Amino acid sequence: MMTEIAVTKVKKAGALPAGQDLVFGKIFTDHMFTMDYLTGKGWHNRRIVPYADFPASPAMLSLHYGQAIFEGMKAFRSADNRAWVFRPYDYLNRFNRSAKLLNIPVMDVEENHEALFKLLALDKHWIPGKPGTSLYIRPFVFADEPQLGVKVADSYKMFIILSPVGAYYKTGFKPISIKVEDKYVRATIGGLGEAKTPANYAMSLAAQQDAYAGGFGQVLWLDAVHRKYVEEVGTMNILFKIKGEIITPALNGSILGGNTRKTVLELCRSWGVKATERQISVEEVFEAHAKGELEEVFGSGTAAVISPVGELTWKGQKIVINNNQTGEFSQKLFDYVTGVQSVKIADQFNWMEEIKG
Ligand SMILES: *Cc1c(COP(=O)(O)O)cnc(C)c1O
């Protein structure tokens, strides 16, 4: 049963800051969606309210034991001033998959979809229209029961907040230099790797700092057991182009199933480019490079869409990919996906859903 969403509007609507660059995730729109969960009562009190801080208990469980999940998706404005969300159901369904892994009560996907689109319709004027810009959508859930005993919480809050963001690549693509990480591991099979949860980000920070200190832009994570097979790059999925074939690690339980990864694989297959999901070792990547068969390497994720990799360093050995230049195929993927998102290219896959009202 769908319950009504109560709406409390701001007294005076805000506006996109004019004439300045939007920094990622620092400003928020007028409104947010929120609801509560209580064991026995389920998810309830669905409401859209003015964006604001909220009271929180210092003892709330998620602060201490990390029971929390989030999502990250985007809305876009097309040249005809209409507004769209890219693949909303893929993100909302993954939100519930993460919930299950963290023992968080699942939500009704249709109700979350309704809440998201109602919120977006209300704050539609916050969706920027310049090329490359978008409205970043951040749904999240955390345990807010105040008590210090370790347990599955009986009380949660869910929010959706919205933040207008600038173009990820302001001066065009710049391939990144990557360190193949052999000290830290991101996730392991049986752990939380498949969930979008703060813990996976908390554990990545030390490795990221080490990589920055060494002059690298990101780390490439290897599997936790053998320290041999490629998993992800930073907080993106990773794809290789070897002898014309796109190869990406299979979703084995420790890798986050990215929607951009899925989009890229669907595109490759529709274009007749062989795309394979399988285990791939870092040795195989270096050997392919030695044989001159490693054509391109790129990351995929909602924020950057495609992120070309120019250099890979593993145990002090560095390989340079495609002359440290953005590959033709990476560029083609980026142009196509961003073209559909800005509704300049026909949406033949039904990825875009219009924000009406
Ligand atoms: C979000 C995320 C990705 C990319 O997923 P998209 O759905 O493409 O944004 C990849 N890896 C990790 C660890 C992530 O959290």
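Both counts, for ligands and for their atoms, begin at 1 and track the order of listing. Since the model is a prediction, treat every value here as computed from it, not as a measurement.
With a 4.0 Å cut-off on non-hydrogen atoms, M236 touches ligand 1 through its backbone and not its side chain. Only side-chain heavy atoms of L256 come within less than 4.0 Å of ligand 1; its backbone N, CA, C and O stay farther off.
For atom 4 (C) of ligand 1, the nearest non-hydrogen atom from the set I255, T235, V233, L192 comes from T235. The option with the heavy atom closest to atom 12 (C) of ligand 1, from among E232, R261, M73, is E232.
Remark: the backbone N or O of S330 is paired with a side-chain donor or acceptor of E296 at under 3.5 angstrom.
Using a 30° and 60° split on the angle between ring planes, F329 and F298 fall in the tilted class, from 30° to 60°.
Every atom of ligand 1 with a heavy atom of R94 under 4.0 Å away is listed here by number and element: 5 (O), 6 (P), 7 (O). Close approach of ligand 1 to K196 (heavy-atom distance below 4.0 Å) involves ligand atoms 1 (C), 2 (C), 3 (C), 14 (C), 15 (O). Taking every heavy atom of T302 and a limit of under 4.0 angstrom, the matching atoms of ligand 1 come to 6 (P), 7 (O), 8 (O), 9 (O).
Residues K130 and R77 are not in side-chain contact: their nearest non-hydrogen atoms beyond the backbone lie 4.5 Å or more apart. Counting only heavy atoms from C-beta outward, the side chains of D182 and R227 never approach each other to under 4.5 Å. The shortest distance between side-chain heavy atoms of E295 and N322 does not fall below 4.5 Å.
By the 4.0 Å N-to-carboxylate-O rule, E311 lies too far from K179 to be salt-bridged with it. The existence of a salt bridge linking R261 and E277 is confirmed by a sub-4.0 Å separation between a basic side-chain nitrogen and an acidic carboxylate oxygen.
At a 4.0 Å cut-off, at least one heavy atom of R186 sits close enough to ligand 1 to count as contact.
The nearest protein atom to atom 8 (O) of ligand 1, hydrogens excluded, is given as T260 OG1, 2.6 Å; this is a heavy-atom distance. Looking only at protein heavy atoms, the nearest one to atom 5 (O) of ligand 1 is G258 CA, 3.3 Å.
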Yes or no on side-chain hydrogen bond (donor to acceptor under 3.5 Å, both in side chains) for S134 and Q341, after CA distance, side-chain angles and deciding distance?
-> CA-CA 9 Å; S134 60; Q341 289 175 336; over 6 Å; no

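The N/O atoms of Y201, backbone and side chain alike, include one that comes under 3.5 Å of an N/O atom in ligand 1. By the 3.5 Å distance cut-off applied to N or O atoms, S300 is not counted among the residues near ligand 1. For the pair N237 and ligand 1, the shortest N or O to N or O distance does not fall below 3.5 Å.
Linking Ile, Leu, Val, Met, Phe, Trp and Tyr residues whenever their side-chain heavy atoms come within less than 4.5 Å places F240 and F286 in a single cluster.
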